[in-house]
Amino acid sequence: MPTITASKQALEKYIGKKLSLEELKDRISMLGTDLESIENDEVNVEIFPDRPDMLSAEGLGRALSSFVGVNTGLKKYELKKSGEKVIIEDSVKNVRPYTACAIVKNLKFDDEKIKQIIQLQEKLHVTYGKNRKRAAIGVYPMEKIKFPIYFRALKPEDIKFVPLESEKEMNGRQILSSHPAGRDYAHLLEGKDKFPIFIDANNEILSMPPIINSHNTGKITEETKEVFIECSGFDFNVLKKTLNIIVTSLADMGGEIYSMELDYGKKEITPDLKPEEMKLDENYVNKLLGLDLSKSDIKKYLERMGFGYDKKVLIPSYRADIMHQCDIAEDIAISYGYENFKEEIPNVSTLAEEDKIEIFKRKVSGILIGFGLLETNTYNLVNEDLVNKNMGLDNELVKVKNPVNIEYNSLRSWMIPSLLKVLQDNRNYDYPQNLFEIGEVFKKGDTETGVEEFTRVGIVKCHNNSNFTEVKQILEGFLQSLGLKYELKEVEHNSFIAGRVGRIIVNDAKVGYIGEIHPKVLVKFGLEMPVAAMELNLSELFKIV
Amino acid sequence: MLKIKKESKELIELDVNGKNYVKNGLPEKRFLEVLKEELSLDEIKEKAKLNKDEIMVSLGHLKKKSAIILGKKLKITDQGKKYLEQESLEEKFLKKLPLEVDKLNDEEKNAFNELKKRKEIIKIDLVKDVFVNLTDLGKKFQNIKIKDNFIEQVNQKLLKTGSWKNKRFRRYDISSFAPKYYQGKRHFVNQALDYVKRIWLDMGFKEMKGNLVGTSFWNFDALFTSQEHSVRDLHDTFFISNPEKGKLPSKELVNNIKKTHEDGWTTGSKGWQYKWNEEEAKKNVLRTHTTILSAQTLVNLKKEDLPAKFFSVGRCFRNESLDWSHLFEFNQTEGIVIDEDANLRNLIGYLKEFFAKMGFPKARFRPAYFPYTEPSMEIDVYHPIHKKWVELGGAGMFRPEVVKPLLGKDIPVLAWGPGIDRIITDAYKILDIRELYKNDIKQLREIKQWMK
């Protein structure tokens, strides 16, 4: 999740009130943002993905200001007409069909403000803009631009300009292949035969979204007083929201917002800063939160979150997260203060019930501990060689597409290999080492996911005299405790010594294997102690018991 | 009579990565080996089968050795070719293991120091030896047969014949050493999980169970997690490659979920406003949270079952490199309360009670964000020893966009899913979370019983 950095001094200015350090920390935490650190004048705050409007000192300051009760209620942003135009040509339709644009004037940039605007742009790109796929933003100093601006798509070879952080002119393809930003975002234009550009009335290219701005027109400095802003992407509503977040932050810095006319064939005017309205059922809010708030309480709490309330809730134009009235209810809860909710466990009678197979697993564990076995707990994820090659097997496994590393690239198909691995890791310690583990094993099967999961128990006895008889004693005692009789059928199994391995059969069902692990397997694990082992399918036994 | 000498030595052995590297070659060598032609980093990663960390380490290493030229495509230098042919000090060293730390020569020391810095290639085990010798006095006694009339072991014969009656019992030195007797024992993590379960059962909750592999549909879509959400990326969630996709449930349910995502369906929400993709929902994942069970439980609930309370305790997965505070398999405890009259104060009530029973009487709740709950909260508990707040996980009330498609009706559902491994490490005073699944037999034998 994104973390933003803001100067404490700037935040205080936007809040409009000096808070003690403790108070500031507390309010940031209780607003629904996660305070990472405050050091000297630097405040680092993690912003949750539902609140892209707080990705700048201005946005966070605005939210805090109403939250602590200084500037409450719907904040009014004046919108003037610029009379300037952006013409969206048909050629962009199949590449990047939409843009939303605005002009902000009268800016007094300083180093800190430029940092904030760059931070806002970058963080919006990553979060709300889905790494520029959904929305890409460009901010340009106006003094170098001649309106109208055209949003156009051209063959990459025909797009020629000097991109930011470069000295020489490149064409569209060259930018994608050799400019750092080009390489990072090339996938967003993959397979397109035309690339989008913003180009002004002087035929000067401003940028090639969503990749890079031009060096000549695309960099704001402390001298910049007026900026042109465009957001481009695939969903006009998302772009309008993104634009609102930027222009309101710039207005909070002291700028004046001007609208532009977008010519899509039909006319659109952006930005649109009119608050959206939503009906609120006050009973719903009180019931959900377990409170008894009056209409005026609700109004008060809404205003502390920057909303207006007059019959309907007026949602600030920069809020991107209000989908349902439950979202408004949460803001009321935050405003009321999570710390002020009195906990209550309702007197509702329900019957407790432990899952049956879980009870069975617990009993099995109890019985085996009675045999002096130590329970282990290993990962479900294993290396394929552990369960197959090391064991002399070659079974089809359920595999992970993106493992952390190859040691954990498959889901285990049986338990004994994991136990042998534990023995391998503990060769320095005293013997006997007699272990068991109950766990899930995985194989392909006819289920919803195509994976079948079984609960199995693996048992190993490892010491100088461990042998078949020893585990057979456990098998017999164990099944006796469950009231079951069994037979053993001699089988061949590559992991065990031939003639010392049997399949365990209970009520005609094959429920597992028992035997002495073959030395060729032990060698693979670096074990110099004999191991006798068995494995039982508890899912199967559970059906019989 | 005996002289006892204890000696301990530090033994260097191969760790997880080390074993892999001995078999498959060190990452920097594998990196160079595939660099016969000019390749991009991604291609190298693919061809040499290296992970992100290994690529980074190799890059640093090879740059220092001037073995490669960086660029969009990387090139091998002449020095690189030489380096590839020679067996490096590190490789020689790894082949020689195990070695004693104190007995390393200079060359080995260098290799050891380099490898120590890298992730889980080698580890150091402390091996203790005990040497027992007879003292001079002991040797004198060695050949003397001690005859006396004392009884040693009381046995069946002695008791049957009553021959003990006229004899004396030899006195023992009761302070002398008794050899260890190792008991069978429940794994300490399971002891803790059993207790977590008991708490929920005591509060009248019913247990939910389900598979560890699930479709994205249940793990994400049914929980109103947008298909564009970053949690559905490869670097957050483990996807299954074989079998890659599963089946979706009934057409009606799938359709309702699809509509809910796209425009809110009949939930009163605007939805995520994008085009929902059925194929994305079929992708199999290792469950990232036990909340998948809550979704699967809600869909099977009938009106007459309400009010109802469910819990689960179980293993979940996330794509995270192992380190002292991160595991890629972890335990979560889940709870849901489905009740017409349930509210946020009840949620806080249940959670406070749970954490008090876990040994944290002070809990606080902060606003948070999860795609499937609104209101959402983060749970912090006050750590009485460290004297600070510790973040334990999320809770909230399921959004109508989650409840209505599954249950057919929007009813308040309280939900939580805090991780519990951190509480377990804390209770056992374990600093490195990896120890939970390390299965160090000494630790398993000696660890204290969970006393709650």
Side-chain angles (χ1 to χ4, degrees), chain A residues 29-30 32 48-50 130 237 287-290 323-324 326-327 329-330 333-334 338 341-346 348 350-355 358 365 369 371-381 398-402 404-407 422 426 428-430 433 440 444 448-451 453, chain B residues 16 20 51 125 127 180 184-187 189-190 201 204-207 209 211-215 228 234 238-243 246-247 268-270 273 284 307-309 319 321 328-329 339 343-346 348-350 352-353 365-367 369 374-375 377 399-400 412 437 439 441-442 444:
Chain A
S29 294
M30 298 315 287
F48 299 141
D50 59 331
K130 306 285 175 211
N237 287 324
K287 200 168 158 282
L288 196 73
L289 304 183
M323 284 192 264
H324 187 278
C326 68
D327 295 300
E330 182 185 69
I334 293 171
Y338 276 27
F341 280 85
K342 295 251 171 337
E343 72 264 26
E344 178 193 49
I345 294 188
V348 176
T350 52
L351 294 181
E353 191 180 324
E354 191 177 359
D355 182 78
E358 288 297 310
S365 171
I369 288 166
F371 283 100
L373 303 174
L374 191 63
E375 187 179 37
T376 63
N377 201 339
T378 57
Y379 296 119
N380 293 280
L381 287 166
V398 177
K399 300 198 73 178
V400 176
K401 188 177 189 171
N402 51 330
V404 234
N405 66 49
I406 60 162
E407 286 305 309
V422 174
N426 285 283
N428 293 337
Y429 296 129
D430 299 354
Q433 295 182 1
E440 303 304 309
K444 285 177 83 170
E448 185 181 42
T449 55
V451 177
E453 298 179 22
Chain B
V16 193
N20 166 19
N51 65 32
D125 277 326
V127 181
K180 281 257 181 327
K185 219 185 213 180
R186 186 108 163 112
H187 189 277
V189 170
N190 292 346
L201 289 170
F205 284 67
K206 186 173 172 179
E207 187 166 20
K209 273 280 289 178
N211 290 337
L212 302 183
V213 178
T215 56
E228 292 173 345
L234 287 170
F238 288 123
F239 288 83
I240 302 292
S241 60
N242 180 24
K247 287 180 250 182
S269 166
K270 293 192 234 166
Q273 302 283 332
N284 282 329
K309 304 196 293 228
N319 195 348
S321 291
F328 55 79
E329 291 192 22
D339 180 3
N343 62 44
L344 197 66
R345 288 171 46 211
N346 304 151
I348 297 175
Y350 284 116
K352 276 206 165 164
E353 183 66 27
F365 302 87
R366 282 180 296 119
Y369 172 74
E374 193 83 8
M377 48 178 55
R399 299 187 64 101
Y437 306 105
N439 296 295
I441 286 184
K442 185 171 176 331
L444 294 184

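Every heavy atom of this structure was used, including side-chain atoms; hydrogens, water molecules and symmetry mates were not. Here is the naming used below: chain letters follow the sequence lines, and residue numbers restart at 1 for every chain.
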Given B:V16, B:N319, B:N211, the one with more heavy-atom pairs under 4.5 angstrom with chain A than any other is B:N211
Distance alone, cut at 3.5 Å: any donor-acceptor contact between the side chains of B:N190 and A:E375?
yes
Could you report the tightest heavy-atom contact between A:M30 and B:F365, atom names first, then the distance?
CE-O, 3.5 Å
Quick one: closest heavy-atom pair of B:P375 and A:E330, and the distance?
CA-OE2, 3.3 Å
Chain B contact via A:Q433 - side chain, backbone, both or neither, heavy atoms under 4.5 Å
both
Taking the side chain as everything from C-beta on, heavy atoms only, tell me whether A:T350 gets closer than 4.5 Å to B:F205.
no
What part of A:L289 is in contact with chain B, defined as an atom under 4.5 angstrom from a non-hydrogen atom: side chain, backbone, both or neither?
both
For the residue pair B:N20 / A:E407, report whether a side-chain donor-acceptor contact shorter than 3.5 Å exists.
no
Proximal component of A:N405, with respect to chain B [non-hydrogen, under 4.5 Å]
both
Residue part contacting chain B, namely of A:K342, when any heavy atom lies under 4.5 Å
both
Of the backbone (N, CA, C, O) and the side chain (C-beta and beyond), which part of A:K444 lies under 4.5 Å from a heavy atom of chain B, both, or neither?
side chain
Select one option (side chain, backbone, both, neither) describing which atoms of A:N402 are under 4.5 Å from chain B's heavy atoms.
both
Could you grab the distance from atom CG of A:L373 to atom NZ of B:K185, nearest 0.5 Å is fine?
14.0 Å
Among B:A308, B:G246, B:P243, B:S321, single out the residue with the greatest number of heavy-atom pairs under 4.5 Å to chain A.
B:P243
What part of A:L351 is in contact with chain B, defined as an atom under 4.5 angstrom from a non-hydrogen atom: side chain, backbone, both or neither?
backbone
Near B:K209 NZ, under 6.0 Å, is it more than 12 heavy atoms from other residues, nucleotides or ligands?
yes
Mark yes when over 12 heavy atoms from residues, nucleotides or ligands other than B:K206 sit less than 6.0 Å from its NZ; otherwise mark no.
no
Name the option with the most non-hydrogen atom pairs under 4.5 Å to chain B; the candidates are A:K287, A:K130, A:E344, A:E440.
A:E344
If you count heavy-atom pairs under 4.5 Å between each of A:F341, A:Y338, A:F48 and chain B, which one has the most?
A:Y338
Considering only heavy atoms and a distance below 4.5 Å, find which of B:I240, B:D125, B:N51 pairs most often with chain A.
B:I240
Check step by step if ring pair (Phe, Tyr, Trp, His ring centres under 6.0 Å) holds for A:Y379 and B:Y437.
CA-CA 7 Å; A:Y379 296 119; B:Y437 306 105; 5.5 Å; yes
Greatest number of heavy atom pairs closer than 4.5 Å to chain B - which of A:N237, A:N428, A:L288, A:V451
A:L288
Closest non-hydrogen contact found for B:L201 with A:E354 is CD2-N, 3.7 Å
Can you find a pair of side-chain heavy atoms, one from A:M323 and one from B:E374, that are under 4.5 Å apart?
no
Quick one: which of B:V189, B:L212, B:D339 has the most heavy-atom pairs under 4.5 Å with chain A, could you say?
B:L212
Keeping the roles fixed (side chain from A:D355, backbone from B:E207), state whether a donor-acceptor pair exists under 3.5 Å.
no
Looking only at heavy atoms, what is the nearest atom pair of A:L381 and B:E329, with distance?
N-OE2, 2.8 Å
Side chain / backbone / both / neither for B:P307 at chain A, heavy atoms under 4.5 Å:
both
Does A:N377 reach the main-chain N or O of B:N439 with its side chain, forming a donor-acceptor pair under 3.5 Å?
no
If I compare all heavy atoms of B:I441 with all of A:N426, which pair ends up nearest, and what's the gap?
N-OD1, 2.7 Å
Among B:I348, B:N346, B:V127, residue most engaged with chain A (heavy-atom pairs, under 4.5 Å)
B:N346
Work out which heavy atom in A:S29 is nearest to a heavy atom in B:R366; give both atom names and the distance.
CB-CD, 3.9 Å
With side chains defined as the heavy atoms from C-beta onward, is the minimum distance between B:K352 and A:I345 less than 4.5 Å?
no
Validation row: A:S365, B:R186 side chains within 4.5 angstrom (heavy atoms)
yes
